[in-house]
*Asks:* 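Below is the structure I would like to discuss, written out as structure tokens.
Each chain gets a letter, A, B and so on, in the order its sequence line appears, and its residues count up from 1.
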Protein chains: 2
Amino acid sequence: MQDWSKRKQTGEGDADSTRMALIEAGLDRFGVKGYDAASTREIAAAAGANIASIAYHFGGKEGLRRACAEYVAGLIGSVARSVFGADFEKAESAAAALPAAEARTELVNGMMRLLRFLLLQPQAKLIVRFMLREIMSPSIALDIIYGGIFRPVHRRLCALWSAATGKQMESEEVRLAVFAMLGQAVYFRIAQEVVQRRMDWREVGEAEVESISRILIANLNDSLDRDARAAGGERK
Amino acid sequence: MQDWSKRKQTGEGDADSTRMALIEAGLDRFGVKGYDAASTREIAAAAGANIASIAYHFGGKEGLRRACAEYVAGLIGSVARSVFGADFEKAESAAAALPAAEARTELVNGMMRLLRFLLLQPQAKLIVRFMLREIMSPSIALDIIYGGIFRPVHRRLCALWSAATGKQMESEEVRLAVFAMLGQAVYFRIAQEVVQRRMDWREVGEAEVESISRILIANLNDSLDRDARAAGGERK
DNA sequence: GTCTATAAACAGATAGAC
DNA sequence: GTCTATCTGTTTATAGAC
């Protein structure tokens with residue numbers, strides 16, 4: 001089992017490092033085995049801490065779960081900021097006013113950054129696993145992440161899509177097209193095990209991401225072209 | 001908790017119905033809570049059976065897990081047959097010999113049937129949840145399903161893609177394009193909770209599937225057009 | 001084939017020494 | 001703040017009655 005303690009084995013009295021080690025170990029074990037199945041003994045051992053420290057720092061197992069959820073929510077927020085821009089929450093109107101070519105470039109770049117993050121960053125595995133568990137058995141953490149991060153990001157992408165194609169911003173068609181675009185990227189992370197087997201890839205590195213990226217960007221550009229033609233036709 | 005017994009409460013001596021009730025209850029509880037977290041007491045209660053019956057019929061909890069995996073594998077197989085044709089295992093060479101227009105029609109129809117199954121059939125929820133758990137913490141069940149069903153289906157789709165576009169059948173590009181196509185459909189099932197919130201859909205019924213289908217089919221046709229143009233250019 | 005009773009291992013929580 | 005020791009409840013597995 002992985003060691004999340006990241007510190008000397010000689011009894012360290014640092015409260016914050018123990019807290020953090022417990023959260024990271026909890027995130028790992030909860031993610032792999034699920035909340036009920038992961039034992040506090042197992043988590044404490046992975047963190048290099050004592051069993052009683054969970055009760056001391058978080059009040060109990062349930063408190064550690066909440067702390068883990070808050071940590072991931074923060075992580076997802078900072079990732080969204082680095083992938084879709086530092087101000088994605090408020091950039092909707094600005095995005096809608098962009099020239100078509102610039103909006104398209106932003107969409108393509110965002111897509112590439114998202115794919116790179118999903119497939120190359122180790123954190124992504126943690127986040128995706130956490131999100132899948134939340135989707136399979138939803139808790140309040142999902143509400144927080146949806147309203148606070150997913151919805152504003154999706155709205156901004158719709159604004160960009162609208163600016164790039166001339167289609168109406170919040171139309172059903174645009175919202176679904178953005179989902180289809182995101183779905184392709186996310187799927188390659190979720191189904192990575194299966195993709196690797198089928199592609200005979202030993203690992204997914206720069207070269208493999210480049211291959212996937214080429215297809216997804218081409219698909220994105222085709223979709224945008226089609227919608228731009230359709231919107232142009234509507235105007236005539 | 002749901003009752004999977006489907007039989008009278010008066011002590012029934014039917015071994016097969018007990019077996020089946022235990023498998024269905026196990027599938028449900030393993031799917032919702034995970035293997036370790038679901039207790040045999042809970043499963044036996046949901047099946048309307050005694051705790052000891054799990055040891056008797058399956059040799060223990062692990063045996064029940066294997067029986068559930070085999071049941072789902074069979075279920076996925078029969079679904080794949082109804083969606084992608086009764087003989088998908090052996091139809092690869094036949095698919096490769098189809099005229100381009102017919103191959104394209106088969107791809108489009110398969111995609112629509114897959115989407116309809118994923119979003120409209122209640123079984124799909126069970127299957128997808130089971131597959132996600134297997135992908136998050138893989139067991140031998142994943143090997144069985146990959147080799148027995150997923151790989152042959154994917155190969156047949158690649159053969160159809162090749163016939164529809166003129167691209168080389170087992171090229172990296174074709175295999176990835178097929179993954180991207182499947183990913184869009186599967187994603188709408190996995191992220192259904194999130195999609196419903198964003199679309200303000202109370203449920204996903206015929207009308208909603210039709211909306212999604214329209215986008216995905218258009219994306220598929222665009223991808224095929226692009227690859228057909230590129231393959232035509234290569235030949236000159 | 002189904003049931004009750006029970007064994008042996010494990011869980012989370014906590015009191016108290018340091 | 002960290003540790004050991006222990007309490008209480010729950011887990012899976014199984015022996016044996018019917």
*Asks:* Take the protein atom NZ of A/Lys33 and the nucleotide atom P of D/dT11, then report the distance between them rounded to whole Å.
*Replies:* 16 Å
*Asks:* What would the secondary structure line of DNA chain D be in dot-bracket form, counting Watson-Crick and G-U wobble pairs under 3.5 Å, with [ ] for pairs that cross earlier ones and | for pairs with another strand?
*Replies:* |||||||.||||||||||
*Asks:* Find the distance A/Leu64:CG to C/dA11:P and express it as a whole number of Å.
*Replies:* 16 Å
*Asks:* I'd like a table of donor-acceptor pairs (distance under 3.5 Å, sequence neighbours excluded) in which one partner is a side-chain atom from residues 198-205 of chain A, with atom names and distances.
*Replies:*
residue	atom	partner	partner atom	Å
A/Arg198	NE	B/His154	ND1	2.8
A/Arg198	NH1	B/Glu170	OE1	3.1
A/Arg198	NH2	B/Glu170	OE1	3.3
A/Arg198	NH2	B/Glu170	OE2	2.9

*Asks:* Find the distance B/Asp36:CG to C/dG12:P and express it as a whole number of Å.
*Replies:*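 Atom CG in B/Asp36 sits about 12 Å away from atom P in C/dG12.
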*Asks:* Using the side-chain hydrogen bond (donor to acceptor under 3.5 Å, both in side chains) rule, collect all pairs that involve residues 67-79 of chain B, keeping only residues at least two apart or in two chains.
*Replies:* none
*Asks:* For the CD1 atom of B/Ile23 and the NE2 atom of B/His57, what is their distance to the nearest 0.5 Å?
*Replies:* 10.0 Å
*Asks:* Specify the separation, in whole Å, of atom CD1 of A/Ile43 and atom C1' of C/dG12.
*Replies:*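 In whole Å, C/dG12 C1' lies 11 Å from A/Ile43 CD1.
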*Asks:* Just compare C/dT2, C/dG12, D/dT11 and give me whichever is closest to any side-chain atom of A/Ser39.
*Replies:*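 Shortest atom-to-atom distance from the side chain points to C/dG12.
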*Asks:* What salt bridge (Lys or Arg N to Asp or Glu O under 4.0 Å) pairs are there with at least one residue in residues 108-133 of chain B, not counting sequence neighbours?
*Replies:* B/Arg116-B/Glu206
*Asks:* Could you run down the sub-3.5 Å N/O contacts of the protein with nucleotides 13-15 of chain C?
*Replies:*
residue	atom	partner	partner atom	Å
C/dA13	OP2	A/Lys61	N	3.2

*Asks:* For residues 181-193 of chain B, which residue pairs pass the side-chain hydrogen bond (donor to acceptor under 3.5 Å, both in side chains) check, not counting sequence neighbours?
*Replies:*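 The answer is B/Gln184-B/Asn219.
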*Asks:* Atom CG in B/Leu115, atom CG in B/Leu182: separation rounded to 0.5 Å?
*Replies:* 11.5 Å
*Asks:* Just how far, in rounded Å, is C1' of C/dC3 from CG of B/Leu22?
*Replies:*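 So the CG-C1' distance, B/Leu22 to C/dC3, works out to 14 Å.
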*Asks:* For C/dT2, does either OP1 or OP2 sit under 4.0 Å from a side-chain N or O belonging to B/Ser53?
*Replies:*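 False: B/Ser53 side-chain N/O out of range (4.0 Å or more) of C/dT2 OP1/OP2.
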*Asks:* Would you compute the distance between atom CG of A/Leu126 and atom CD of A/Gln121 and round it to the nearest 0.5 angstrom?
*Replies:* 12.5 Å
*Asks:* To the nearest 0.5 Å, how far apart are SG in B/Cys68 and CZ in B/Phe58?
*Replies:*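 That separation rounds to 7.0 Å.
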*Asks:* With a 4.0 Å cut-off on heavy atoms, is B/Ala38 in touch with a base, just the backbone sugar-phosphate, or nothing at all?
*Replies:* sugar-phosphate
*Asks:* Roughly how far apart are A/Leu64 CG and A/Arg29 CZ, rounded to 0.5 Å?
*Replies:*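 That separation rounds to 13.0 Å.
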